[in-house]
Every structure is written in C-alpha cells, then in structure tokens.
Amino acid sequence: MNEEKKSGSGKALGMVFFLLGFIGALVLGWVVFPNLLYSQKAQPINFSHVAHQDNDCESCHSFRPDGTYTGIPTLDKCVECHETAQGNTESEKTLVEHYIAKKIEVPWKSYSWQPDNVFFSHAPHKGQGLKCVSCHRDVSKEEKVPLVRENRITGYSISTMKMTECEECHAQKGASNNCEICHK
Amino acid sequence: MSEKGHAQSGVRYGMVIDLDKCTGCGACSVACQAENNISFRPDESMKLRSITWMEIYPMNNGKDYPDYRFSYLPRPCMHCDSDHHSPCTFVCPVNATTRDENNGLVTHIYPRCIGCRYCMVACPYHARDFNWWDPTWPKQMESMLSPEVSTRMRGVVEKCTFCHHRLLKARSKAYVDGADPNKVTYTPACADACPTRAISFGNLMDASSEVGKLSKDPRAFRILEKLGTKPKVYYLSRHDWIKNLADNAIK
Amino acid sequence: MKFGRRAFLQIAAGAVGGTLLTPLPWKLADDSAIWSQNWSWRPSPERGEVTKAPAICTFCEGGCGLQARLVNGNRAILLEGNPANPVNEGGICPLGAAGLQFLYAPYRITQPLKQTKRRGDPSGLQPISWEEAQSELGKKLSTIRSDGKAHTVACITAARQSSMDDLLVQFFAAYGSPNLFKMPSQTDGMKTAAFLTTGSSGPFAFDLENAAYILSFGANLLDGGTAPNRAFAALRRLNKTPGQARIVQVESRCSITASKAGQWVPVNPGTEAALALGIAHLMVTGGAFDSEFVNANVFGFDDWTDAAGKKRQGFKSFITSNAFAPDETAKKTGLDAAKIRDLAKEFASQAKAVAVWGIGQPDNPNNTYHDLAFVALNALKGNLKADGLLSIAPDLPLADLPPGQKDIFAERAVEQKRLDLTKSKCPCPQNGLYGFFDALVSGPQYPIQVLMVHEANPAHSLPETKLVQSALDKVGTLVCFSSFMDETAAQADLILPNHTSLERYDDAKGIPGAPYGYYALGAPILKPLLKTKHTGEVVLALARDMAGSVAASLPWKTYEEYLKFRVDGLAKAQKGAVADKSGVVLATLKAGESPKPNFTDGADLWKKLKAGACWYDAPAGASFTKTASGKFELAVQAVQGKGAAPAEDQMFLPHFRPLMPSGKEAELPLLLVSYATPFIASGYLANPPFMNKLVPDYMLNGQDVFVDINPETAKTLGFARGDLVTLKTSQAETAVRINISPAARPGVVYIPRGLGHKAYDEYIQNKGVNANSLMEVQLDPISGNGTVWATRAQLRRA
Amino acid sequence: MDRALIPDGLKRCPLPVFALWTLILVGVIGWGVMAGAMVLVKALNLTGLNDYFGFGAYITADLAIIALGAGAFFSGFLYYGLSRFFPALKELGKIINLAVVVGFVCYTGALAVLLLEIGQPLRGWFGYWHANVHSMLTEVIFCITCYAIVLVIEYIPLILENRKISEVKSLRVLGHSMHDVMAIFALTGTFLSFFHQGSLGGVAGVLFARPFAFREGLFIWPWTFFLFILSAIASGPAFTALICRSLEKVSGKKLVDRSVYDLIGKIEGGLLGAYMILKIADTAYWAFGLAPRFGFKLGDFYWGPYGIWLLIAEIGICGVLPALILLSPAGRRSNFLLFGAFLLDIIGVSINRFVMTIQAIAAPVMPFDSWQIYVPTVYEWAPILAMLAYCILVISLSYRYLPLFPREKELNRT
C-alpha cells in the first residue's frame, strides 16, 4: 500500500464515504434510536377524562389526611359510580365486568411515575402558583388516554419529570435543593 | 451548600441517649431496621460487613470480677456539625452525602452514590455501612418493606438518616393542614421504640426542648469531641468510667 | 480490497464523528446509570395509604399494647408500641419490634399437614384440608372417649395470660382428661409459695412502682426476661441519683441487671436464698423487723404446736441459730461477712424496700424452700400489709365459664389420677409437666394415646431436652397447633396450624408479677395470610362435633363470641376503668381503691378494648384467711398436706436446701449456668433475623456459640479466647468456643439460651447449641415443680 | 513481519523467545481480567474489604504505581523545562522516552484498577458530571484522567517512530511535528501531575476525624499534599532508572550511559534527602503535637502486624539510608549501592502509600473500638498483578519495536 500517489478523485471519493457515514450516524442517532429506546404501551382500558368533566380533578385525585396524595384512583373510587354500567362504551363494559365484578384493581400505567428513591409530595407544591397542568398534561379535552412510552433501559415513562427540571424550579422559587428534600 | 455557614436556620436536629436508662436491649436497632428496610443475611456474625445503622457497642470498666461493670452504647450516625463540612460530606466526590444546613441532617443519597467508600474511611464512628451484596429478603418478608424508604442496591453506602422521611411526611401534613412546615417536630423510629425512654430527639438549638435541656446536663458528653467533629448525638451517664471511654485521653 | 478498506475506514470515521453529535452515546450512558439505580431484582415496595391498627403483644406475657402500620390495609410494615397503653407507654422491646418477621416468616406452616411416613420425616408431611384435619382429630378423640379412655388424651399449652388457657381447661374437664399441662414458668413457683404462706390461689406480685429499694435475688429485671417494662420503669425512676444503691442485684454473673443496678452482690450460683436467710438472721437478732406486723399477722414466728399436738420450732429460734450468722452465710455465699451486715442494715433501714425474685424469668420455677426464704424477708419488712409492696395478683372479674357438665365418660375418666400424680402427691398448686414426662418415660400407669401441643415448642425450649424427647417418643399421636415448623411440629403426626397472634383475636389477662389488674384485647390487624385457623375455633368446633355434654360446656360459636362473653363479665363487675389515652399511671393505684369505671356495658367495653384501650384495676393486696392459722404462715402447715407430718421442724420453715446437681465434682469440676439475653428469643419463638444483628460475635460466630468463663478459670484450664473446646455435662457433650469475660464468676461457665435450633430456616438453623440440652432439672420436694439452677460441667480441649 | 518492525541496526532476541515471554504476560493479564470481571459481576464481597477497611489493596496499589509513574512527568520537566538553564540535565534525553512509556503504563493501568474499586462502575462518570469541588478525590479523578490523556499524546510520537509506520509520510510528519510541541505537553503534564500527586496526599491528609492520617493545613492544603509530591518525584525517576537497568540486564545490552544513572542518582538523592528532612519533621510534629491534641500517643497508632517497624522501615531503612547512599559519590559509583538505593527508595515510598491508606483506617479512633486486620483476597491480587504484567508487556513491546534509546546503537557497536 503506497500512499505516496493519491489521486484527487480518490480524495473526493473519500469525502463522499465520510459524509455517508456521518449522515448515516446522525439519522441513526436522532431518528431511529429514540424510537427504538421507548416502548409504547396501551392502558388496560380507555379512560375518557372528558366523560368525567362533570366533577373536578380533586374529586378523584385528592389528598389523604396525612398529607399524602392518592394519585390514580383505586377501584373503589370507580365503584362509586360504575357499580353498574352507565353508558355503553366497550371500556366501561370491561371495567364493570372484568374489574369491578371480580374486584380486581385496574392495572393503570402511570405517565409520571417516579422511582422508589424519589420522595415527591404534592402537598408543598399545591398553591405555589402551580396548576396541575404545569407538570401534567392537560386532560380537559381528552377523549382517549394516550399510549404510555416507557424507556426500555430505565423503565421511566418519557413524561417522567427528571431531576434537573425539579432543581430549576426549586432554584427559581427559592425552595431548598438539598438532596434529602426529594430523595428517600 | 455548606458555605452558608450553618445554624442560621435555628433548627439543628439532635439526639440525647441516657446510658443510665439504656439497657442495651437493642429495640432501637431493630425498630430502625424495620423502619428503614435494612437488609439482613442468614449469617450476621461477620460484624464488619453487617449493615446496622443503630449499632450497639459494648464497653466495660476494664476491672476484674467482682468490680467488673459493663454497658452498652447505641451508636446512630452522629450527624456531625463540624464547621463547613462533616468529615464524610467533605470527601464525597459526587455530592451523594451532604448536610442540610436548614436542619443539620447529614443524608446520603443512594442513586447518586458511586460506592467509592471514601466517606466510610472518613468516619471515625463507623456509622456508615456498605452494601457488599445485592440486598435480598425472603420472598414473604418483602411484604414488610416500607414504601417510605427506598431499598438500596448493591455497591452503595448507607447510614442513619435520623429518619428524615418522617420529617418530610410531617412537613407534607403541615402543608395540607395549613400549619408552618418549618415548625414541625418528629421522632425517629429508635426514639419511638426505646422501652426505657433513654433516647430523646428534637431541636438542639431550642433551649426549651428536652434535648436542648439534656444536652446541657452535667452528665452529658459526646464521643470524640477532641476531633472537633461536633456530633449532634449526646450521651448521658453518671459513671466516670463511661465518660472516660468517650474520648481518647493520654493516661 | 485496498480500496474497500480505505472506504470502510472513511465511513467509520464519519460514523464516529456523526454519532458524537447525536444524543445516542450520552443518553445511553445516562440511562445505564439510571438502570443501575432501579435494578429490577431489588424489591420495590408497593405504595399506597399508610394506616395504623391497634394490637397486643403476645410474644411474651408482658401484655404490651402495640400499633401496626399497614399499607393499603393489607401489608403490615411496622410494629410500634401503643402510646395510650400504660404498661409500655409507646415503648417496645426488640422482639416486639421484630414481631412482623413472625407474621411473614418463611417457616410458617401454610396449611394442615398429616405425617404419612415415619414420624419426623419431612417428606412424609402431606397437605390436607381443614375438614379432613379436623374430622381426623375429632374422630380419634371421640373413639378414645367412647372407649372410656378420655384420660389418655393429654395437652401441653403455653397459654397462661390468654383466655385460651381457660378454654382448654373447660374442654378437658368436659372431655374428661386430667392431663392438661402448662409449660413451666416462674409463675408456678410464685403460686406455690403464695398458696403455702397465704392460702391464696394467685401468684405473688411486686409493687416495683412504689418501691424505693429493690433487693433482687437473681431476678431477671433487665436481661430480656418476660414483661420487662415495669423493671425498665423502676430503673428509670431509681437510677436518677448517683451513688445510691436503689436496685441491688444478687447474682453470680455480672448481668446487664447487675451492671445497671446501683449495687451488684456477687454470690455463688444458687446461694441467693442463703443470703436472704443471713439477712433475716441479722434483722431478727437485731430486732430490725416489723414486729407489729409479725405479732399481729404472722404464724410460726415463735414456736408452735402442730395438728398432732407436737411442739414445733418457730422461725425466730430457727433463724437466730448460728447456722445463719454472717460468718456461716459468708461461707455459703462467698461474700464477706461485713458486706452481708451492710446489706442487712441497708435493707432493714429502708422505708420502702422489697425483696424480689424470679421476676421476668420465662423459664422454670425455683426451689420452693428458697422462695419461702425470700417471702420471709418481705414478711419481716411487713411488706404483706394491705398496701404493702408484696401482694397477691388480683383475680380478674372476667365472666367465669359455665360449670362444665360431665357425662358418664367424663366422670369415669376423671377418676383416673393425673399421670404425674400417679407417683407423687402434691398438696399445692404446681406444674406437673416434668412429673408427667418422668411418668411417661418410666413406663406409665396408662399410655398417652394423643398429645396435643398448643403454641409451645417443648422439644427445644425445655431444659433436659433428652428427657422431653424420649417422653414425646412415647406418645401415640402427636398433634401440633403451632404456626411455625418448629422442632416439635417437625415431629408431629398431625399439624393444625394456628393464626399468628396478629391475625387473630387474643387477650392478655394480667401481667405476671404485677399487683394491679390488667386486661387487654387483641383483634386481627389483617386477614390471615395462609390457610391457618385459630386454635380456639378448632377447639370449639371439636366440642360442637362431640355434641352432648362437651358441646354444652363450650356453647360459643366463635372465639370472638367467647371473648365477648368474658369481657361482658368484666363490664358487669363495674370495677376498674379503661385507659384509652396516654397519661394513666398504674403506679398510683392504691390497694382496694378501684378507679371509677368509664365504660357502660359489655358492648361499650368491647368497642373500647378493640380500639386499643386496655382495662386496669387497683391491686388486691394480700389476705391470709384461707390458711390453716388464718394468718400469714412463716411456718408452713400446708407442707404437711394430706400425708404424714414431716419429722424435722425445719421442713415447715424456709431454709437453704440446694437441690444438688448430679455428677462427681472430680469429673465435672465446674458449674454450668444458662442465661437469657435480650438479643436472643429463647421461648416458643425462634430468633427473628432482625435480632440476629444484635447478637455479638463474642456470643455467636457463624455456627459456634461462646461460653463465658472468668480469666482466672481460663488460666487454670489453659484456654485462650476463641478456643474450640468440649463442654460436657451429665446431660450431653458438645463443642463450644471460649469467651473470656470478667463478668463470669470463677469456676462457673455461662451459656446463652435460645440457640441451637435444628428446625425453621437458614436464618436460624444450626447456630450454636441449645443450652437446654445441657441443663439438668431437679424436682422440687414440696411441689414437684421442675427446677433448674445449675448443672455440673467440664471443659476440655476438643 | 517481526523483523521489519524492529528498528534497523538494532538487535533483538529471536521471535519465539519473545513470543513465549509475551504469552506468559498475556496469561497473567487474562487471569487478572477474569478476576476483575468476577468482581464486576458478583460485586465487591469477593474482596477482603469491609465496612472497617473501605480502602484496600486496589487503592494502595494505585497510589504506589502512580507515585512511581511520576518519573515520566518529572524527567520530562527536568529535560524539557529545566535543561535550558541546567545543560547537565540534557543527559536525561537519553532516557526520557522510557520515562514516558513507564508513565503511560502506570497511569492507564491505575485507571483500569480504579474502575474495579468503586461499587457502581456504571455511575463512575458521576465523578466528572456531579463533581464535589471540596473532595480531594474529585481533584484526583480529573487530574489523573487528563494526565493519562497527555501521556497518550506523548506516547503516540514514539509509536510513530516505528520503522514501518514512519514509512507513511503523513504519519511521519505528524510524529515530528508532535515531537516539536512535546515540551508543551510535558509541561502541561508536569502541572497536572503536580496537582494530582498532591491531591492523592490530600486524600489522606484531609481526614480530620482520622488522627493517623490527618495533617494540618499549609496554604489551602494539608501538607501531605506537598509531601506526596516530593516523595513521588523522589522515587519516580529512580523507578524509571531501575526499569532501564533491568532492560539492560535482560537484553544484555547497554542502553544508556552510566552517567545518566549517576545523574538520576544525584537528583534523587537530593530530593529524597529533602523529603526525608520534611517527613521526619512531619512525623515528629504529628507524634508529639497533633496526635496528643486528639488524645493519642504515638504507640496508640501501632499494633500487631501494623507495628512500629513500618515507621522504621519507611523512614529509616528505605528513606534516610538510600538518601545517604545516593548523596555520596562513592555510593553512586558502585552499581550495587546505586541500584540498591533506588530499590529501597521505591519500597519506602510504597510503604508510605500503604500506611497512609490501610493503617490509617486500621487504627481504632473510638476508645472502645478495636484494631482490625485487613487481608486482601485473590480477587484483589490478581487484577493488581495483571496491571503489573500489562506494564511489563507494553514496555517490552515498546523496547522491541520502538527506538526508545537514542544511544543504543553506538553503545552496542561490536
């Protein structure tokens, strides 16, 4: 292999090959990889927030007396209205027959599930000029619950808030950013 | 962080353990294990690898029968209040262990810890334990695990947190009740459990509090005060031989 | 090829460059870190609402109030003390704090089992349904009964403070067997002594709460005995002021109690009573005793004449003899005379001084004559006055069970003597268990076809294991009601697993050694986790199926109903009150001055008790109306019983009479004493994993147990710390390691109790040796109680 | 192929012999890598470490090897930096290449072992990302990494000098141009090394609750910072020289002039002497000033296997003695004494690193606490030995295929 006499065309060709690899990598990294990384999981049954608009968020997502937050309601909450079917949607049918009748909790998937090592309490955040939608998606017009996109490596939902976001807001609001404020 | 120079907040959580009341029964240590999801193994007799946040140290007066006397000394994390940094927080390369200058708690965050064990080397009280194995429980006993404390992973350091998750819970309740979250009080599991009421806990800077008073008691002393670690755990004893064992003194 | 390679290199270069400009490498690095923070193989506790549920602690007889933390009402995550309970005031002992590890123990028995092969073969234990199990046992019992052999059915239970105890008594009375035995306890000795001296049926109780000076003769106050809280409170109260000897511990070993006490009086093992009599001698000779009380209420202080008109020596002339003079006492106890004089002076001069013994020891009772010596000391202090520091535990006004109806079978069987009494006679309340074992082993008068064991593990937790085992081997069918696969259950022919105490209704009727009335109720904190059943329910079902008089004697449908019935009686009595919030101080209760009831009827009381409140009442004091003399008897006429009067006068009097352990001193030169430690559960329950962390490595290391010996003893034997040696007693021979400790008395070897389990799981199995297998039991001459104090032993190089 | 790679005009041992030698080394490395993999998979319970000994063999080996690797930066500093003012130092040019190779292997090896030491290797990079500026370890992590990179850059031109590679014009040019700027890298390296050698000392020195290790401040650092630097430069070049000598023995050739050894001897003698004076002063102050303030006698720090002999060995036999030898011309003249002294010097510094790491934590601080003994397991030995094997392998390869020693040809004319 004698490198001494390299033709100009060779150089150009080299450039082409280089770009080939370069652009290929960019596409892989920016387009393909993210889609590979996140799985798409459907909720066990559809839940239409619109259909439940007659009552406000608190009537289903509320605080317990000890300051903890109920998050996604458990079955007994559903039972309050859906002892028997109210309408005739498929998902309500499954709710009544499969879950309520058999007393099985609906295995809802959370969109903003925090890992065990995180302590998050809604209590301090409520009434700090924060609305539900400041952190959660707006469900007021939501007929159909979206798919849950889970990171295949970490298991985090794509909409799980990461620490940097918490830190920023805490910094802005002058709230403590000490580790144990949010970790357990 | 620590640069703020501490104690500005007026809250310094601390503990006082009365060795005249303590019988060394170990209830504090067991309650701590249950409260904090501390893992255990079939054989726990290899003490240098056994995870115990509240360790019961034996000590004796060095005399022979029948003048011999001994005592037990429960040792939680001292949550050292030494200036600027605690021995351990000073050395952690990744800020996994820090001291909250709002309340003096020295905490350790497992997901951040890289397991270099420099903090263990720095701590003269052996208050820090390393997860040499993947923590595992008998299947049935996984039902006993508390959701209020995360289970650890192997390869990280852990230690007594003064049950800071109880503080967080108390604060949440205060927010909901509309009370002042900075005025809440709480007790760690060990103090709650102690059957002889030998352990008291509270704000050391509040002179009217029980710990505020007891820490000024003539019987009060701390371990290794000469090192300037300024522990926030005080001990009480009426026996000189016990006090003498608390700090090195050239005889 | 050359071209190809260069092209490849160029593409690669481009790819590398490009990749670095995408999130890929950085995201992967970050995600792998996050992955390591949430490894799927570490458990992630289910989240949800955390609630509290009241409970009572039945892991020992202390009757502490508990509080369980639950997640979503179905997962118990923590046991705490109940702050509203006046006994433990929110405190909890290590065993209680680890209690959930029994609920979730891997070695729990998940459903009824039947042995289909040789007894003890684990592969032979086959799961059966509850119906099968119950009918199997029911049929057996019915057939035996209809053969008129009801007396060949026996039972051993540990139930003492629980209403299960009365239920079993009722069942056996109706069924027609006298052979119902309790696991031995100090309470047995307390009852014997109380009956002999005061004629009452209840055990002695000590007012630790109001004592200013506690002279403890080897009592286990702080070393992890049963019901420790009152001792803890005393320590708290009396340890305040430096230098003052408010708690004095008389014991051969420097135990925790000895170390924490204001003063430790080291004596030869088993000579505590000798010291007590020595002190009595000085008090009487020095006239430093409550003569007013003695003259008015004590029989047998002066010389007396017995029923046969024979002149008998009284306590006064007996104790004043030189045999009890300080020098003599010094010889026996190993103390110096001066020390004994000081002690006597101190005890005599103290206003509120009480002599205590046996408290907290969950194990076997004492030599009765020695207990009488301690009682005598209190009598001399006048502690048995109405509001004295020594009294009789009050009898709770719980509803009595309906009079058991006896049919022909029951009548016939009950004529049969209880197996242990077929050889000896006993005029007093006593524990016949060891007599029962002896009878079984030495070819019994009649065979035992069925032995039921309820919440007890005799195969491991009773001293002289060898004897117990050979007795169990003699039994026709062994039926176990244990929740756990313990050593006894492992060799059962039929197992009907009980709920653990946190899954069932249970109660605590008073606290051993406590003068005040106490009753607490425990309701299940969650649904039973396994296919288990409350033994009380099983007994009721058995009775129902037998119909006739048996069913009629146990009319309750459920155990809950039975307890409601009992509580109803408590309510009807309109005595005592409930403590539903913290702040109730039992110490201030005066004898006879009951608090005003703060509950209306049975239903109301039940509601309050179920919500975690406990019932309490004032002390009963002591009365001597039932004795032959109508007084407190220092000279115990009851000793005579039905038999012929003893020849020697001292047989009526408290005296020092150690029951000598077997074996030659030449061969077994040392004494072995087993001790309880707060770090190891030594009763029915095996040590929970949490507590294993407390056990120091100089007590247990890997599989090796350490025995404590004095440096001097070690020197003479030429042992160094950690040496592996052979420990030999008349009972067994085993390998142990040496721990050299100045806490040990020269010439004595100390071994911790509660180790050496063979059953259960890897967290418990094969750790150390079972002290009980080395210890020797002597039957007390008066009561026939199995007593344990020391065993001759030898240590030699392995 | 092998022939073609060997620098022309130089003699090297026959390929089979070399192959065998390589094979052995690769074997050892494989063994160590296996052990390392086990540790990564089954976690650190395989080691002899425990809650008492958070640091052990891994750290000790790293500290020692990094100290000895200091020869690279210091020789570089003397040669590229100071030789302008002290022409005598030009002599070092004859050995500077070897120094670079030694430095390279020491640092890269150390980094590899460091990966095993942490419980959560996957999060190792937190050290850069979430750095705590107060932690000496942070300083160590950054400096070592940077300096390792510098060493790679310094090593590349040597590789490019390989006969075969230098046939490629572009690479040859690159090589030469890198040589010209080497001075800059050498000085950058000097700067970085200065810091991390020091911060390694800081690691022990800042443990203010560990009376054995803690030293008081000088400027903004505990003075162990400076003691470590001094001890490193007082032993690094000696290590390089010793390796060079071993190469000579093995290959049976003369690789550098005796004068080079003599010069290094002089330098090391001076530095070691200076270090010893300060170290003794430090020890005295620690024993009679610092420790008593914390309630300790010197005797409290020595027990059982961790006896006072360590102090005597470190300061006396492996400190003062070699210093004296190296300072005396007579001592330097005798090969036995000279290289003996070098060896002692190296051992001494290694002992120092061991003592500051392991004994510092073996000594109980709480009066009712007890001494403990640390025994490393094969899972600690194997990777460490593998690291050494790796060092030897790279040095062997470099010696065989690269013109490390400019004077080799002349010195071995026959």
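If you're wondering where the values come from, they're calculated on a predicted model, not measured in any experiment. Protein chains get the first letters and strands the later ones, always in sequence-line order, with residue 1 at the start of each.
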Flag for D:Asn50-B:Trp132: side-chain donor and acceptor within less than 3.5 Å | no
Just how far is it from atom NE2 of B:His84 to atom NE2 of D:His134, taken to the nearest 0.5 Å?
-> 10.0 Å
Can you measure from CZ (D:Phe208) to SG (B:Cys80) and round to the nearest 0.5 angstrom?
-> 7.0 Å
Under 4.5 Å heavy-atom distance to chain B, tell me which part of [X] shows up: side chain, backbone, both or neither.
| X | value |
| --- | --- |
| D:Thr47 | both |
| D:Pro364 | neither |
| D:Asp300 | neither |
| D:Ile118 | both |
| D:Gln372 | side chain |
| D:Val140 | neither |

Engaged part of [X] at the chain D interface, taking heavy atoms whose separation is under 4.5 Å:
| X | result |
| --- | --- |
| B:Arg112 | both |
| B:Cys123 | backbone |
| B:Thr52 | neither |

Test side chain to side chain contact (heavy atoms under 4.5 Å, CB included) applied to B:Leu48 and D:Tyr374, step by step | CA-CA 11 Å; B:Leu48 294 187; D:Tyr374 161 72; over 6 Å; no
For the residue pair B:Leu224 and D:Val365, establish whether any side-chain heavy-atom pair is separated by less than 4.5 Å.
-> yes
Student check: side-chain heavy atoms of B:Met120 and D:Leu49 closer than 4.5 Å | no
Should B:Phe130 and D:Leu44 be marked as a side chain to side chain contact (heavy atoms under 4.5 Å, CB included) after you check the CA-CA gap, both sets of side-chain angles, and the distance that decides it?
-> CA-CA 10 Å; B:Phe130 187 72; D:Leu44 285 154; 3.8 Å; yes
Would B:His126 and D:Asp51 count as a side chain to side chain contact (heavy atoms under 4.5 Å, CB included) if you check the C-alpha gap in whole Å, the side-chain angles of each, and the deciding distance to 0.1 Å?
-> CA-CA 7 Å; B:His126 301 297; D:Asp51 294 340; over 6 Å; no
